[in-house]
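Ligands are counted one by one from 1 in listed order, and the atoms in each one are counted from 1 as well.
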Amino acid sequence: MTLSPVSDKLYAAPQRQVAPFEFDEAVVAVFPDMIERSVPGYTLLLPLIGQIASRYAQPNSRCYDLGCSLGAVTLALRQQIQQPGARITAVDNSPAMIETCGEIIGRSGPGLPVDLAEADICQTLISNASVVVLNFTFQFVPPAQRDALIQRIYDGLLPGGALILSEKVLFEPAELDGLLVTLHHDFKRANGYSDLEISQKRTALENVLIAETVPQHQARLLQAGFASADLWFQAFNFVSLLAVKG
Ligand code: GEK
């Protein structure tokens, strides 16, 4: 799905000092192009997340898209969930993202009702939830707040509810991590990013996107109480986990 034809040139020119990455107006303007060319498997993941969500969504419950950006997951949920009385809550703490997300959802035609919130997902009330999606958002949450957020999601899910957690991850041993990082950079280069763009974006994301390993994510999910936490998708160093509440 292409939401915007504007191509991402944010890191094309050399920068004397690369500032930490922010989800501001400049990023919003190029976001669909940026994420499609940067995250291997992103366009495939969206309908598959909708498909998984449609299996776990329950009547009269809420489905959460946490860190919704421009609402790509929300649109997939709206199109694929059929449960009567279900609603979607889409949350992002970037004012520019939420504003444009509202416009996109407003133009998207009939589907499940959507409540949009400009808020920190660490402060968002999660309740009566059958599905929660964190599609490449949790990696931006400060590590000290991660356990508490997963616990609040678990507590807010109904029995039988599901969390879909997509993340950029680290691998062990270091040789495997290095190979998957190289393959990711090759993917970006094949999508038209220069070595300078790849390197400046990497610098911008240092200390902003803090990746963990799949076993670290699984341990946290199981510790919170999830009955299972399984890998269902991988494209190089980008994965998605499905955690189900018993
Ligand atoms: C998609 N899910 O297209 N609270 C709320 N929002 C946050 C927080 C926070 N604490 N931290 C980061 N964000 C989307 C893609 S992008 C992924 C998600 C990427 C938001 C941030 O503002 C941004 O919109 C989003 O999480 C991450 O499927 O750009 O790599």
(message) Applying the side chain to side chain contact (heavy atoms under 4.5 Å, CB included) criterion to Leu66, which one of Thr89, Val132, Leu163 satisfies it?
(response) Val132
Dump all N/O pairs between ligand 1 and the protein below 3.5 Å as a table: atom names plus distance, one pair per row.
residue: ligand 1; atom: 2 (N); partner: Gly67; partner atom: O; Å: 2.8
residue: ligand 1; atom: 2 (N); partner: Asn135; partner atom: O; Å: 2.9
residue: ligand 1; atom: 3 (O); partner: Tyr42; partner atom: OH; Å: 2.6
residue: ligand 1; atom: 4 (N); partner: Ile121; partner atom: N; Å: 2.9
residue: ligand 1; atom: 6 (N); partner: Asn93; partner atom: N; Å: 3.2
residue: ligand 1; atom: 6 (N); partner: Asn93; partner atom: OD1; Å: 3.2
residue: ligand 1; atom: 10 (N); partner: Asp120; partner atom: OD1; Å: 2.9
residue: ligand 1; atom: 22 (O); partner: Asp92; partner atom: OD1; Å: 2.6
residue: ligand 1; atom: 24 (O); partner: Ser69; partner atom: OG; Å: 2.8
residue: ligand 1; atom: 24 (O); partner: Asp92; partner atom: OD1; Å: 3.3
residue: ligand 1; atom: 24 (O); partner: Asp92; partner atom: OD2; Å: 2.6
residue: ligand 1; atom: 28 (O); partner: Asn135; partner atom: ND2; Å: 2.9

(request) Using distance alone, with no hydrogens and no angle criterion, decide if Asp33 and Ser7 have a side-chain donor and acceptor under 3.5 Å apart. (result) no
(message) Contact between Phe238 and Tyr42 at the side-chain level, heavy atoms closer than 4.5 Å - yes or no?
(response) no
(request) Give me the one residue out of Leu170, Asn237, Leu176, Asp186 that meets side chain to side chain contact (heavy atoms under 4.5 Å, CB included) with Val181. (result) Asn237
(request) For residues Leu70 and Met97, determine if any side-chain heavy atom of one lies less than 4.5 Å from a side-chain heavy atom of the other. (result) yes
(request) Say whether Tyr154 and Val244 are linked into one hydrophobic cluster, either directly or through other cluster members, by side-chain heavy-atom distances under 4.5 angstrom. (result) no
